[in-house]
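Predicted model only: the values in this text are computed from it and were never measured. We number each residue from 1, following the sequence as shown. First listed ligand is number 1; within each ligand, the first listed atom is number 1.
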Amino acid sequence: MNYSEVAAKYAELERISGRNEMTLVLAELLKETPKAELPPLVYMTQGKLRPDYEGVELGLAEKLALRAISTASGISADKVYAAYVKHGDIGTTAEDLLKTKNQGTLYSEGLTLKRVYDTLMKIAGQIGSGSVDAKLRELASLLNDASPLEAKFIMRTVTGELRLGVADYTVLDAAATAFLGGKQARPSVERAYNVHPDLGFVVQAVASKGSKGIQEVTVEVGVPIRPMLAERLSSAQAIVKKMGDKTVVAEYKLDGERLQIHKDGGKVKLFSRRLEVITGHYPDAGELVTKNVAAKKAILEAEVVAINEDTGEYLPFQELMHRRRKHGVDRAMADYPVALNFFDILFAGTADLTGKPYTFRRKKLEALVKVTERTRPVPALSTSDPAKMEVFMEEAIANGCEGLVVKDPDSPYRAGAREFAWIKLKREYRSELTDTIDLVIIGAFHGKGRRAGAYGTYLLATYDEKRAIFTSIAKVGTGFSDQDLEKIPKLLKPYESHVKPPGVESNMVPDVWFRPHLVIEIIAAELTLSPIHTAAIGRIRPGAGISLRFPKFTGKVRDDKSPEDATNVEEVISMYNRQLKKVGPAQ
Ligand code: ATP
């Protein structure tokens, strides 16, 4: 497959924004692509090289990317930079400068999809000393053989800025359209993706084996499953009612980190909530699983919590973040020991348990997990009485939990779904109008006074899943400790951008832009309509977006969430509507 065909389709995709049209264009591209090349094509169309859970990172620094354009075009670094500032986008800069260079000449042929993909993989794989030069060489040589249009998309891909707006579910729709006769077949493709979240693999399975291929995709030890998520309600009574006035299972909601644990004999692999491999953060958790889970092969879910060894008390979530250090995990293990509270089991022995009702899975969990000081099934209470649930909630909070997660005993494990089969109940739902929300930092404003020389305020965004972009929702300047003020800029540094990053929609222009990466937790007094912010624009009232009143940083950096996992526009809208129900519409 020639890369020029791919680039031409990307240009087409870029021009359209309607999802239906996008699906059709993408479906055509999938059909034209040889089956063996479908996985690379699918990953690259989303600006990736491999499924997220494998952690292959693109995202070449801006500076290096500009150097490569200069080398390939023979145009001075200063001029390249000036063009970049003018265009505000690395892809268009490359396209424009290569056009100038190549005017009247023919581009050498033969840039194939495979060559582009292999080179990008090589670039991503370069680490350590000498890697900068090696990356530069590889990229410049690719650009040398690229047409201006190809160069545009190569540069955007390599810097992690290819945002064609192709969301996961657009790919699923396109695969169903291309190979199963239409979008109506999407649920079966989606099911496969939820239990095996590798879009390249799933699309190839549909393309080569049709609906049979898709049915054969099952839960596999070693491949993460998209997590089941919880809805929220504000009282025990409302929860019992919502679940049909029957006996439900209320469980402690621990304030730790979610772990998806894959046990294969003596080997244990841990995935985070966003499906990154985090085995290295918790070698001790691995050991606890090997010793205390009586199944050769299993997939389990647990909340890992930091504990005070002397008192056995649970410590807040922040304490776990010491585990994210690159070095010194041994030290962190000694200083911040952990306990595992298991709350689900999805596979045991040779059996996929995701289709079984929750009561069955919980029984299995109780049979297989040994109760020790550091391991146990999470405390649970079966009841249909809201009053008993309230008492259990107080007990949970007294024991250092955030509240409860209440589960429908008859529900299967719905991978990737946020539904009312799991409902969370937290204390703050009562005192505040809104729950905490997780937002993405997209910009910052320089500080004044005590914060001179640092950032004083951050611009935050929510993820608009339907449009696959980040939309601004608020500015936040309170809640930051001195430590946070020092730490957060460091975390953001690699994502700094001189221009508004692609995929970001904001009318407000900060002093510094950041590519969407870092997620922080915010609490606010209420959600309000806003003429400036673009979150949910036009969804509640024409021309108005949604913003936050009195936003405050809670102190939590949500390293365990990817920007796409941040609170999304649909959630913000439903929180806004729920809030209206409580207080009545604004006058
Ligand atoms: P939050 O920010 O409230 O943790 P979230 O968006 O990370 O929410 P949700 O699905 O909304 O995820 O809430 C469920 C989360 O609660 C799980 O991801 C898990 O980390 C945590 N949790 C704690 N105890 C339990 C439990 N007993 N059952 C399920 N999840 C639990």
_Test of ring centre spacing under 6.0 Å for Tyr463 and Phe470_ =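 Yes, they do, as the ring centres are separated by less than 6.0 Å.
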*Can you list the ligand 1 atoms lying under 4.0 Å from a non-hydrogen atom of Lys424?*
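In order of numbering, the contacting atoms are 1 (P), 3 (O), 8 (O), 9 (P), 11 (O), 13 (O).
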*Under 4.0 Å from a heavy atom of Trp422: give me the atoms of ligand 1 that qualify, with their elements.*
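Answer for ligand 1: 29 (C).
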Side chain, backbone, both or neither: the part of [X] lying under 4.0 Å from ligand 1 by heavy atom:
X	value
Arg418	side chain
Glu231	neither
Lys253	both
Lys426	side chain

*Kindly state each residue pair satisfying salt bridge (Lys or Arg N to Asp or Glu O under 4.0 Å) with at least one member in residues 367-381, sequence neighbours excluded.*
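Only Glu309-Arg374 qualify under salt bridge (Lys or Arg N to Asp or Glu O under 4.0 Å).
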Judging by distance only, is a nitrogen or oxygen of [X] under 3.5 angstrom from one on ligand 1?
X	result
Leu229	no
Glu402	no
Leu254	yes
Tyr252	yes
Lys561	yes
Glu257	no

*Taking the side chain as every heavy atom from C-beta outward, state whether Tyr314 and Asp255 have any pair of such atoms under 4.5 Å apart.*
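Answer no - side chains too far apart.
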*Is the backbone of Glu571 close enough, under 3.5 Å, to the side chain of Ser574 for a donor and an acceptor to pair up by distance?*
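Answer holds: yes.
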_Can you tell me how far apart CD1 (Ile441) and CG (Leu518) are? Round to the nearest 0.5 Å._
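Spacing of CD1 (Ile441) from CG (Leu518) equals 5.0 Å.
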*Atom CE in Met393, atom CD in Glu402: separation rounded to 0.5 Å?*
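Result: 10.0 Å between the selected atoms.
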*Do Lys356 and Tyr413 meet the cation-pi criteria used here (NZ or CZ under 6.0 Å from the six-membered ring centre, within 45° of the axis)?*
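Not flagged: Lys356 not positioned over aromatic ring of Tyr413.
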*Test the Lys242-Phe420 pair against the cation-pi criterion, namely NZ or CZ under 6.0 angstrom from the six-membered ring centroid and within 45° of the ring axis.*
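Yes, cation above the ring, under 6.0 Å and within 45°.
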*Any heavy atom of Lys407 sitting closer than 4.0 Å to ligand 1?*
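Judged by the 4.0 Å heavy-atom criterion, Lys407 does count as contacting ligand 1.
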_If you apply the rule salt bridge (charged side-chain N to carboxylate O under 4.0 Å, His left out), what do you find for Lys246 with Asp408, and how did you get there?_
CA-CA 9 Å; Lys246 61 180 180 184; Asp408 180 338; 2.9 Å; yes
